[in-house]
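Take a look at the structure below.
Computed over heavy atoms, backbone and side chain alike; hydrogens, waters and symmetry mates excluded. Predicted, not measured: the structure shown is a model, and the values here were computed from it.
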Amino acid sequence: MRARSIPVIFIISLLIFSNFSLAADQGGDSLPGLTISDIVNKIIIKIKEWRFDSTGLIRTNTGIYVDERFYEWVTGSIQASANLTDVALEWLDTFKQKVKNDEEVDWIIITWVKPNERLKKALEALGAKVIYIDDDINAITIRARPSLIKNIVYNKAFDFDYRFYIREVWPDLYVANSPFSAEDVNVTFIQGNITPTIVSSVNWNIKLIKADLAWSKKGTTGKGVTIAVLDTGVDCNHVMLQGACIGVANFVPNEPSTDLNGHGTHVASIAAGRAVKANVEGKIVYISGVAPEANILAVKVLGKDGGGTMTQIIQGLDYVVEWKKKHPGEPIVISMSLGSPFGSPRDPMVQKVEQVIREEHIPVVVAAGNEFIVIDSPGIATGAITVAAVDRDMKVASFSGKGPGLNIYDIKPDIAAPGVKIVAARAGTKNEFIAMSGTSMATPHVSGVVALILQEHGELTPETVKLIIEKTAMQLKGVSSLPTWSGAGLVDAYAAVNAEPKEGILDWLRRLFG
């Protein structure tokens, strides 16, 4: 009996003394000394290191993992890639200038275990300012001089006892929505509050994916399902969105929660806009969202210029997760018509999307991006439903981001949807419309279809939802049928709501244990 009690006593002793400091202050701003708890964490981290898959990352001489371009970021020598927008180039130029002047910029640190208060204080003692902490992916966003980050990541002689906690370091990269194009279109509003189940002459994009058949033949309109739109905000006063918004959140500093850009409003109305009657270029049609009775959760993560940061996206995703916890019986899907041309398959935004899908069991639909021959982050995330854009002739748009993804087992994009000259709500107006093109416009079509599926079948796992989307897709022709161009094909709303989902023990275990 005595032999068995020793480990228990030892563990209790560790808990009692875990906050006792083992080292005196290290001078300067008084860095906190390591505690017994930190020593225990060192042992845990050694085990985690042994199991860590570092594919796609480089291990520095201090043991910290970074992206292969990190040294170029931290020295300001990073070069612009092709197809960057003017706003993205401006952000890059500003970032490089700040690095060269050793001015403070934002960085995201990923730690091996949940960030503790001592690590936070140690970083602050070095001169960094803690901006945001996400315990779910062990992320700390800090504002710090590049010289400090360079010392932490590359300088073994730089004395920082808490370095062992740090697994990865990333720049807090630029993220944008950037539609491929936007143009005025001759549309005159006629009538609102049209019942979607009796709509016959809907606009071409809705007919192409057979959403109108889901309404009229199945009575499935997205009612009771929420679509969280992470974008530039949503103008909930537009006729297509009146009564749709059930919540608003804003994570853009120094801006109101309203949509000052227009992109988020356009996207939200494609996903869940109420059906309205209009004259579109001389033809009477109904303009509607794919799920015209779904709710909209408007989460502003991008500013008036259409841009933001990875931390803002992570904050927005955290908000949706907390909202879901407060409304456990209400199905929800996340729609992200955004991406970073600077990101990578292992960046913090991808890690967050994967965590939301895998642990929170929320489907996430993401734009493939308009970078022509690459998939933007976080569209590269394995668990995400990544969307390509097609035109009304069912041909993949030239601008649509094309795969492959990470490997032959994870081809991206996953699905395609209409994304060329889509007519939808114009922000800042009561009943005006605008046509936009981009995978940004294709994404809410699929988000709307997911809402239809969730209304019909309840809360399925994201894996099952994705499988339904892919298995019921319509095949495209020619080069557009290539998996690296369109994934499984064109999304089919009517087939998707008619599918019989088959969930097994693995899905049950995912929901139970995350």
Side-chain angles (χ1 to χ4, degrees), residues 18-19 32 34-35 37-60 62-67 70 106-126 128-144 148-149 152-153 160-173 175 251 309-322 325 340 343-362 364 377-378 380-384 513-514:
S18 62
N19 289 319
L34 297 181
T35 67
S37 177
D38 295 318
I39 304 304
V40 172
N41 279 333
K42 270 192 173 184
I43 298 171
I44 294 172
I45 288 169
K46 284 297 180 184
I47 297 172
K48 288 177 176 284
E49 285 180 332
W50 179 61
R51 301 177 58 190
F52 182 59
D53 178 9
S54 60
T55 304
L57 298 175
I58 296 172
R59 193 171 189 263
T60 71
T62 64
I64 294 173
Y65 291 92
V66 295
D67 181 77
F70 185 78
D106 290 356
W107 311 86
I108 301 178
I109 293 173
I110 305 293
T111 57
W112 287 101
V113 295
K114 290 187 184 300
N116 57 43
E117 189 66 20
R118 294 182 303 284
L119 173 60
K120 175 184 173 183
K121 288 181 178 178
L123 289 167
E124 290 174 338
L126 291 176
K129 180 181 179 182
V130 175
I131 305 298
Y132 187 71
I133 295 178
D134 183 348
D135 286 333
D136 294 320
I137 60 169
N138 301 334
I140 307 177
T141 298
I142 64 171
R143 187 161 296 150
L148 173 60
I149 300 302
I152 290 175
V153 174
F160 184 50
D161 287 343
Y162 283 79
R163 183 185 276 127
F164 71 90
Y165 272 114
I166 300 174
R167 190 180 79 192
E168 304 165 35
V169 180
W170 298 81
D172 191 4
L173 296 172
V175 183
F251 299 98
T309 65
M310 287 189 174
T311 295
Q312 289 169 209
I313 309 304
I314 291 170
Q315 288 177 295
L317 289 168
D318 277 338
Y319 171 80
V320 176
V321 169
E322 290 305 310
K325 290 177 180 177
S340 175
S344 83
R346 295 292 295 267
D347 69 46
M349 190 163 58
V350 170
Q351 292 186 45
K352 185 61 182 179
V353 166
E354 296 285 21
Q355 183 265 325
V356 169
I357 295 166
R358 184 180 62 255
E359 298 179 16
E360 308 299 340
H361 311 297
I362 300 175
V364 180
S377 167
I380 202 71
T382 301
F513 298 110

Please round to the nearest 0.5 Å and tell me the distance separating atom [atom1] of [X] and atom [atom2] of [Y].
X: Leu173; Y: Ile313; atom1: CG; atom2: CD1; result: 11.5 Å
X: Phe251; Y: Leu317; atom1: CZ; atom2: CG; result: 9.5 Å
X: Asp67; Y: Ile58; atom1: CG; atom2: CD1; result: 7.5 Å
X: Phe160; Y: Leu126; atom1: CZ; atom2: CG; result: 5.0 Å
X: Tyr165; Y: Ile109; atom1: OH; atom2: CD1; result: 13.5 Å
X: Leu148; Y: Leu123; atom1: CG; atom2: CG; result: 8.0 Å

### Query
Yes or no on side-chain contact (heavy atoms from CB on, under 4.5 Å) for Leu119 and Ile140, after CA distance, side-chain angles and deciding distance?
CA-CA 10 Å; Leu119 173 60; Ile140 307 177; 3.9 Å; yes

Heavy-atom distance under 4.5 Å between the side chains of [X] and [Y], does that happen here?
X: Asp347; Y: Ser340; result: no
X: Arg59; Y: Leu57; result: no
X: Phe164; Y: Asp38; result: yes
X: Thr111; Y: Tyr162; result: no

Give me the atom names and distance for the closest heavy-atom approach of [X] to [Y].
X: Ala384; Y: Val353; result: CB-CG1, 4.3 Å
X: Ala381; Y: Glu354; result: C-OE2, 3.4 Å
X: Ala144; Y: Trp107; result: O-NE1, 3.2 Å
X: Met310; Y: Gly343; result: CE-CA, 4.2 Å
X: Val350; Y: Ser344; result: CG2-O, 3.5 Å

Of all residues at least two apart in sequence or in a different chain, which pass the side chain to side chain contact (heavy atoms under 4.5 Å, CB included) check with [X]?
X: Thr311; answer: Ile108, Tyr132, Thr141, Asp172, Thr309, Gln315
X: Lys114; answer: Asp135, Asn138
X: Glu322; answer: Lys325
X: Asp136; answer: Asp134, Asp318, Lys352, Gln355

### Query
Which side chain to side chain donor-acceptor pair (under 3.5 Å) pairs, counting each pair once, include a residue from residues 45-54, with sequence neighbours left out?
Asp53-Thr55

### Query
With sequence neighbours left out, what residues match Tyr65 under ring pair (Phe, Tyr, Trp, His ring centres under 6.0 Å)?
Phe52

Go through the structure and list residues passing side-chain hydrogen bond (donor to acceptor under 3.5 Å, both in side chains) with [X], not counting sequence neighbours.
X: Arg163; answer: none
X: Gln312; answer: none
X: Trp170; answer: Glu168
X: Arg346; answer: none

### Task
Before giving the answer on side-chain contact (heavy atoms from CB on, under 4.5 Å), spell out for Ile357 and Thr382 the whole-Å C-alpha distance, their side-chain angles and the decisive distance to 0.1 Å.
CA-CA 10 Å; Ile357 295 166; Thr382 301; over 6 Å; no

### Query
Would Thr62 and Thr60 count as having a side-chain donor-acceptor pair, cut-off 3.5 Å?
yes

### Task
Under the side-chain contact (heavy atoms from CB on, under 4.5 Å) rule, what do Ile137 and Ile314 come out as? Steps first, then yes or no, please.
CA-CA 10 Å; Ile137 60 169; Ile314 291 170; 4.2 Å; yes

